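Throughout, protein chains are lettered first and strands after them, A, B, ... in sequence-line order, and every chain is numbered starting at 1. Because the structure is a prediction, the values reported are computed rather than measured. Just so you know, these numbers use all the heavy atoms, side chains as well, and skip hydrogens, waters and symmetry mates.
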2 protein chains.
Amino acid sequence: MGRRGEHTKDELAAMALDAAVALLEEEGPERLTTRAVAGRIGYTVGSLYFVFRNREDLILQVNERTLDELREHIAAALAEVSEPRASLLAMGRAYLAFASAHPTRWRLIFEHTRAPGSDLPEPLVRKIEAFFLQVAESIAALNPRASPAEVRRSAQSLWGGVHGITVLALTGKLAIGGDAPAEVLTAELIGRYLDGMVDADRSHGRAPTSPLR
Amino acid sequence: MGRRGEHTKDELAAMALDAAVALLEEEGPERLTTRAVAGRIGYTVGSLYFVFRNREDLILQVNERTLDELREHIAAALAEVSEPRASLLAMGRAYLAFASAHPTRWRLIFEHTRAPGSDLPEPLVRKIEAFFLQVAESIAALNPRASPAEVRRSAQSLWGGVHGITVLALTGKLAIGGDAPAEVLTAELIGRYLDGMVDADRSHGRAPTSPLR
DNA sequence: TATATAAATAAACGACGTTCAAATAGGTCG
DNA sequence: CGACCTATTTGAACGTCGTTTATTTATATA
């Protein structure tokens, strides 16, 4: 009974992605099965393969969508501040808040392992870069004397740090003894990093403290 | 053909763990299958269930073993330094080096999702705590005026940060444009964090800069 | 030597990702 | 209006997975 044209290929893909997101949030990553996704939109498994190359392809597109939402979430948070230090703190809070609100989807972005040969699809790479560039912007404002390479390095190390606190908090591997909320920890990390950065800039006039030994 | 007593239950468990580690390093996490592990030690699947409750149990024990190795690796790095700042940098380097040398096993520790109800097994929690305590020790030495709660917070945020850089570097989600090696980034994060911490302590005589706003 | 028991296996179950021949429905052309 | 063509959709199959179970086997003991 192959009805036809009831939905275009694009509509079908969009429906499948919606279903995948719902499945992820309601039942967790291991329940994100091709059959479940297909069933949720009233099709059979085979039809999914008419639209996606395979499960990996589906996951990658879910991840792109999640990254889009994350970016919007962060943009909204950034709209309310202007000073660079406040911007970085706001980004950190927004990053953590989004991850906490959508833990399964957020983790899927970072934990999904692709086949050994293939690397990240181009659009995903671009979206990740966009984040770092936004961080770099505020860093540059706080550290005008730094070279572009230094700014990039700072953005990477600082945001990598925020990411780490977020992962560990989400997976319950950060709490020891009494547990400070993750928001406090990210704020502390950002605050101290920036203090260290601007102090180094002010006192030595230029370079950051030599980090190795 | 049930031969008997050829290996004790404990020997069998140890052999299975060895096989699992080898499988992980040689073929990746998705090939860590119960049948493959059993086959590698010359048994059939069912025998694995004589020794482990299920695949999750096996993975948890692999993770414990990996954490033990990681701790030894870090201890060796710490043996060569005494000053607290150098200790933290050495720990960061060792953490990253171990993760780079055993990416699959290392990621399995943090990416393995356990069933929604159950939480981390006690021994694993203790081993994670031990790390933070070691970090906290050096932090306390650098920041003698800080309360225990402050020290713990610092250890969590700083080490969370190191962890984040390590994850992103390992999964290729950190590199943007020219990519500074991850060792440089962790050293930079640690250096700046500590600079920010001790400067705050020196100038205000006590508390760190209020992190929020 | 016979027997009880621990150890190990083989076979099965349902669910999974993936593939593919077959069926079907809509558009097109006679 | 009817026959065909082709893009969709299905159903069924394949091999693999985690897990469970009845059954077999080898050893220790009596």
### Task
Say whether B/Arg192 and A/Ser157, considering side chains only, have a donor N or O and an acceptor N or O under 3.5 Å apart.
no
### Query
So, is B/Ser47 close to the C/dA7 phosphate, meaning a side-chain N or O under 4.0 Å from OP1 or OP2?
no
### Where at least one partner belongs to residues 27-39 of chain A, residue pairs that pass salt bridge (Lys or Arg N to Asp or Glu O under 4.0 Å), sequence neighbours excluded
A/Glu27-A/Arg31
### Rounded distance (Å) that lies between atom P of D/dG18 and atom CG of B/Leu48
10 Å
### Residues forming a ring-ring contact (aromatic ring centres under 6.0 Å, His included) with A/Phe110, sequence neighbours excluded
A/Trp106, A/His163
#### Entry: Partners passing side-chain contact (heavy atoms from CB on, under 4.5 Å) against B/Glu83 (at least two apart in sequence or in another chain)
B/Arg85, B/Ala86
### Query
side-chain contact (heavy atoms from CB on, under 4.5 Å) with A/Thr104: which residues, sequence neighbours excluded?
A/Leu24, A/Pro29
### Query
Do A/Thr66 and A/Leu108 have side-chain heavy atoms sitting under 4.5 Å apart?
no
### Query
Between A/Asp10 (CG) and D/dT8 (C1'), how many Å, whole number?
15 Å
### Message
Rounded to whole Å, please give me the gap between CZ in B/Phe50 and C1' in C/dA6.
### Response
7 Å
### Task
Using a cut-off of strictly less than 4.0 Å, decide whether A/Thr44 has a side-chain nitrogen or oxygen near OP1 or OP2 of D/dT10.
yes
### Query
In whole angstrom, what separates A/Lys9's NZ from D/dT6's C1'?
13 Å
### Task
Could I get the full list of ring-ring contact (aromatic ring centres under 6.0 Å, His included) partners for A/Phe131, not counting sequence neighbours?
none
## Note on the structure
A/Ala130 meets the side-chain contact (heavy atoms from CB on, under 4.5 Å) criterion, sequence neighbours left out, with none
### Task
Could you tell me the separation between the OH atom of A/Tyr43 and the C1' atom of D/dT8, rounded to a whole number of Å?
9 Å
### Query
Counting any heavy atom closer than 4.0 Å, what does B/Leu12 reach on the DNA or RNA strands: base, sugar-phosphate only, or nothing?
sugar-phosphate
For nucleotides 13-17 of chain C, which of its nitrogen or oxygen atoms have a protein nitrogen or oxygen under 3.5 Å away, and what is each distance?
| residue | atom | partner | partner atom | Å |
| --- | --- | --- | --- | --- |
| C/dG17 | OP2 | A/Thr33 | OG1 | 3.3 |
| C/dG17 | OP2 | A/Thr34 | N | 3.0 |
| C/dG17 | OP2 | A/Thr34 | OG1 | 2.8 |
| C/dG17 | N7 | A/Arg35 | NH1 | 2.6 |
| C/dG17 | O6 | A/Arg35 | NH2 | 2.9 |

### Between D/dA7 (C1') and A/Glu11 (CD): distance, integer Å
16 Å
### Query
Can you list the residues that meet the ring-ring contact (aromatic ring centres under 6.0 Å, His included) rule with A/Tyr49, with sequence neighbours excluded?
none
### Query
To the nearest 10 degrees, how far apart in direction are the end axes of the helix from C/dT1-D/dA30 to C/dG30-D/dC1, each fit to five base pairs?
30°
